[in-house]
Each structure stands twice: as structure tokens, then as C-alpha cells.
Amino acid sequence: MDVVILAAGLGTRMKSSKPKVLHRIFEKPIIDYVIDCAKSLNPFNSFVVINPSLKEVAEHLEKYDIKIVFQNEPKGTAHALLSALPYLSSDKILILNGDTPLLRKETLDSFIELFNKNRLDMALLSFYPQREHSYGRILRDGERKIKKIVEITDFKDELMLSSEANSGVYILKREVAKLIKEIKQNPNKGEFYLTDIVEIAINKGFNIEAYPLAEENELIGINTRAELSLAMRYLRDRIVREWMEKGITFYDPTLVWISPSVTIGQDTIIYPNVFLEGDTKIGQNCLICQGVRIKDSIIEDNVQINDCTVIENSHIKSASKIGPFAHLRPNTIIGKGCRIGNFVEVKNSTISDGTKAAHLSYIGDSEIGNNVNIGAGTITCNYDGQKKHKTIIEDNVFIGSDTQLVAPVKICKGAYIGAGSTITKEVPEDSLAISRTPQKNILGWAKKKRKQ
Ligand code: UD1
Ligand code: CA
């Protein structure tokens, strides 16, 4: 079997400077979903038909082992298939629309199986959308055999009565595909409609069936921003449902966004307005509170991420508590049982087990040992205007509140830093460093001022 993905339409209904099939659902472009699904069937050859003016699409497809066919002018779906026809070598052709990303391999497997079992010449997937839509309608005769497909441009009132829609997924024999040459230009839109092949082939005695095997949430075609948003919701619902089946609790499954590539361990609880993106792995028994966004990160078991925390490209080891309002930027590693509290920003740093930075700190380019206490308002001054420098804090150090650590600097094991210090030199093991000016009390000064 050869697979042909039609993606040469201009997608004008999206009102976008970006080609339609490169719009994303989660991090992944629409076309990638279709290609991944096609590839999962192990076809003999896969082709994508694109418009030569959509250079971005051609560039994007370079990462795939897939053949590109150019349709020089967007003259309709039949014309698109015609452009690919000379390159096809298999007996059977599976046609997919590049704008129908939620289609599942399982559905295609059953569809192809029915086509083979019933020895058909052509089959198509149909469905019954639950909303107003612009899909082609399937018309059947008295014996419920498919007669033809009518496009929205050609609807007459009585045709609106059919609620069965065409998904744009077809499988057909090569001899049927060759009939596209007989398709006439549609008088209303001036395009050549692939859907017209059904009536032509039936009139020539070919055996065709339409199978309503899936629902709109799998067969949605994305033509507009509204449909893009619907597709995002459908995929979100599918993903969240699967995670619930695997033992994850959601306070409100309609208000979380979990990318297809994310994994979550059993008994984790997820509050609303949470975004889990990219290659994120969440362990078992975690608590992810509201407003959290985590991207490309590993969160081990029993971790609690409190409200409004952003975590990117980081690794948090078991039983740590992060947030609320924490920001963990790329290359951050937080050890076991750590506490990173409100308004703490960490970047490119390793923090070892049992260390606490509970309030209002900036930790950048640092290496921090076990059981360190970082007082409120501690800042690593890592940037001198030109270069970034490293701060090293060894095990069991106590940093008093409102300390500035001017990097490069090292605080050795067990040292204490007095609150309000600006540390510019290495602090030796087990010593106290204090750099604030001594306090002076002027007795009666305030009272005298008030009398003036
Ligand atoms: C098409 C079907 C409609 C079906 C719907 C399912 C036709 C005439 N209509 O309508 O029956 O219900 O899909 O989603 O086929 N394309 C090209 N070259 C072109 C025009 C389109 O490659 O010249 C590609 C598009 O990029 C798209 C696909 O073909 O991926 C379908 O085209 P689109 O314009 O979106 O057709 P619909 O109006 O959605
Ligand atoms: Ca479409």
C-alpha cells in the first residue's frame, strides 16, 4: 500500500501567514500527527503533496523519510492526487488529509481490514459530526449503498438532510484512482474535487463502501482557528481520559493541558490550569497545584509543586517541595527532600539533598551541597556585565538572610554567613563571615527629632 497525504491547500480559512499544516497542537505541527499515523502502518511508500510556494512545509518535512510531491497550483483535492499518481507503485492507495491530525492507527487498521475483507475497490471513512460543519455529505440510495458525496458549495436544501460526513480518508485501488482524470472542474469553486470520484466509479460498476467507524473527535478536519481549538480540546480530552484510566486524579479534566509525550505516575493529583509540556516525566504520588507549567523536566515521586510555579528543563528529585511562585529555569537539579519556596528563581544550578531556599532568592550558576540553609533574600551575583561566574556552597552551610554572594566565590563546609553580608571572598570551613557595618545606637535621637 502507498500512502498519500494531501497538504497542498493554501489554508486560507486559517487567516495566517503560517501554512495551515504547520500550526501546532501542543508542540507538534498538525502534519506531523498525520505523518506519524501514516508511518505507523508501515506503508510501502509515503508521499506528501504540497504547494511549491509553501517552502516552510518542504523544509519542515526534511526530517522525515517521506517523498514530497509538488502540486503546482492548488486546483483541488483531485488535482492534488493527480500530481502524485505517476509516483505511486502499489496496487492500493490510502489517502489522508494533511489537516486531520487526530486520526488513530487503530481506526485505520479496522478500516483497511474491512476494505480487504469485503474485496472493495474503494472505501471511505465517514462520521456523524455533532455540530454545524462544512464537510462533504455522503448520500446513500434506498438500499443504504453510497451514491455520491456532495460538497457544501453544491448543497441544495434537501441534501442538508444527510448528516453523514466525509472524513477525507479513502483507500482505493489504482484502477479507481486513475478515474480522477475524468473528474470535471466544479462550477461553483473552479476546483477538481476528489469526492466526485465516488459517483464516477459507482457508475462504472466499482464496489465502494463508506464506513462510519469513528467520531468527530477523531476525524475533525482543521480549516479554521475554531476547528484548531476544537481539535486541541479533543486531543486533550483523549490524553486526560487515558491518564485517569492509569490512576491519575484530576480536579477538573477540562482545565489541564498534557502533551502527548508526557508521562505521569500513579496516584499523582493534578489541580486545574496545569500545563505539562514536552518530554516531561512526573513520578508517582506527586501533587501538582493550580497554575503550574512544567516543560521538558523530570519530577520524581512524592514531589509537591505548589501554585503558579514554572519549571523548564530541570530535574527535581523525590519528596521535594517547590513553590508557590517558584521559577526553575533550564539546567536546574534539585535534590531529595529540598524546599524551594515562594519567589525563588534557580537557574543552571545543582542543589543537593535536604537544602532549603524558602523565600525570595536568586540562585544562578551555583553548586550547592546537602542540608544548606539559604536565608530569605539571598542573591548569587553571578553576572559581572560580561561573564557569568560560579558560586559554590558546600554541605551544611548556613547563609543568613539578605546575603549577596559575589561570584566567583566559595563557601566551605559548615560555614555561617551573618545576615545582610556581601561576600566577595572564599569563606573557610566552619567559620563565620560577616561583612555588615557594626550597628550604632544614638539614644534619644528620634524623640528629639519629633520635638523640632
Ligand atoms: C475535504 C473534502 C470533504 C471532506 C473534508 C474532510 C473535497 C473536495 N472535500 O473538504 O468532502 O468532508 O475534506 O475534512 O475533497 N488540498 C491539496 N490541494 C488542493 C486542495 C486541498 O492538497 O488543491 C489538501 C489540503 O491541504 C487539505 C486536504 O487536501 O489537507 C483537504 O482540502 P480542504 O480544502 O481542507 O478540503 P475541505 O473543504 O476540508
Ligand atoms: Ca479540510
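The figures here come from the full heavy-atom set of this structure, side chains too, leaving out hydrogens, waters and symmetry mates. One-based numbering, in listed order, for ligands and for the atoms of each. Note that this is a predicted model, so its numbers are computed, not measured.
For atom 17 (C) of ligand 1, the closest non-hydrogen atom on the protein side is Gly9 N, 3.3 Å. In terms of protein heavy atoms, atom 33 (P) of ligand 1 is closest to Arg13 NH2, 3.9 Å. Annotation: atom 1 (C) of ligand 1 to nearest protein heavy atom, Asn97 ND2, 4.1 Å. The protein heavy atom nearest to atom 22 (O) of ligand 1 is Ala8 N, 2.8 Å. The protein heavy atom nearest to atom 27 (C) of ligand 1 is Leu6 O, 3.6 Å. The nearest protein atom to atom 32 (O) of ligand 1, hydrogens excluded, is given as Thr77 CG2, 3.8 Å; this is a heavy-atom distance.
Residue Asp99 has at least one nitrogen or oxygen atom sitting less than 3.5 Å from a nitrogen or oxygen atom of ligand 1, judged on distance alone. On a distance-only criterion, Gly76 and ligand 1 share at least one N/O pair closer than 3.5 Å. The N/O atoms of Tyr135, backbone and side chain alike, include none that comes under 3.5 Å of an N/O atom in ligand 1. Polar contact check, Glu191 against ligand 1: no nitrogen or oxygen pair lies under 3.5 Å apart. Considering both main-chain and side-chain atoms, Gly168 never comes within under 3.5 Å of ligand 1 through any nitrogen or oxygen pair.
Only side-chain heavy atoms of Asn223 come within less than 4.0 Å of ligand 1; its backbone N, CA, C and O stay farther off. Contact annotation for Glu227 and ligand 1: no heavy atom of the residue comes within less than 4.0 Å of the ligand. Residue Ser167 touches ligand 1 through its backbone alone, judged by heavy-atom distances below 4.0 Å. Contacts between Ala80 and ligand 1, counted as non-hydrogen atom pairs separated by less than 4.0 Å, involve the side chain only. Of the heavy atoms in Glu151, only side-chain atoms (C-beta onward) come closer than 4.0 Å to ligand 1.
For the residue pair Asp237/Asn217, the side-chain donor-acceptor check at 3.5 Å is not satisfied. In this model, no donor atom of one side chain and acceptor atom of the other lie less than 3.5 Å apart for Thr268 and Gln284. A donor-acceptor contact under 3.5 angstrom links the side chains of Asp2 and Ser90, judged on distance only. At a cut-off of 3.5 Å, with distance as the only test, no side-chain donor of His389 or Asp365 sits close to an acceptor on the other residue.
At a cut-off of 3.0 Å, Asn223 coordinates the Ca ion (ligand 2) through an N, O or S atom.
When side chains are defined from C-beta on, Ile220 counts as touching Tyr135, because their heavy atoms get closer than 4.5 Å. By the 4.5 Å heavy-atom criterion applied to side chains, His79 and Ile183 are not counted as neighbours.
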Discussion item. Using salt bridge (Lys or Arg N to Asp or Glu O under 4.0 Å), reason through Asp109 and Lys105 one step at a time and then give a plain yes or no.
Written reply: CA-CA 6 Å; Asp109 282 339; Lys105 174 188 186 315; 2.8 Å; yes

Discussion item. Does Asp353 form a salt bridge (Lys or Arg N to Asp or Glu O under 4.0 Å) with Lys317? I'd like the steps, not just the answer.
Written reply: CA-CA 8 Å; Asp353 301 352; Lys317 297 190 182 162; 5.5 Å; no

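In this structure, Phe111 and Tyr211 have perpendicular ring planes: the angle between them is above 60°, well past the 30° mark.
Checking each of Leu405, Ile351, Thr380, Val409 against Ile393 for a side-chain contact (heavy atoms from CB on, under 4.5 Å) leaves exactly one that passes, namely Leu405.
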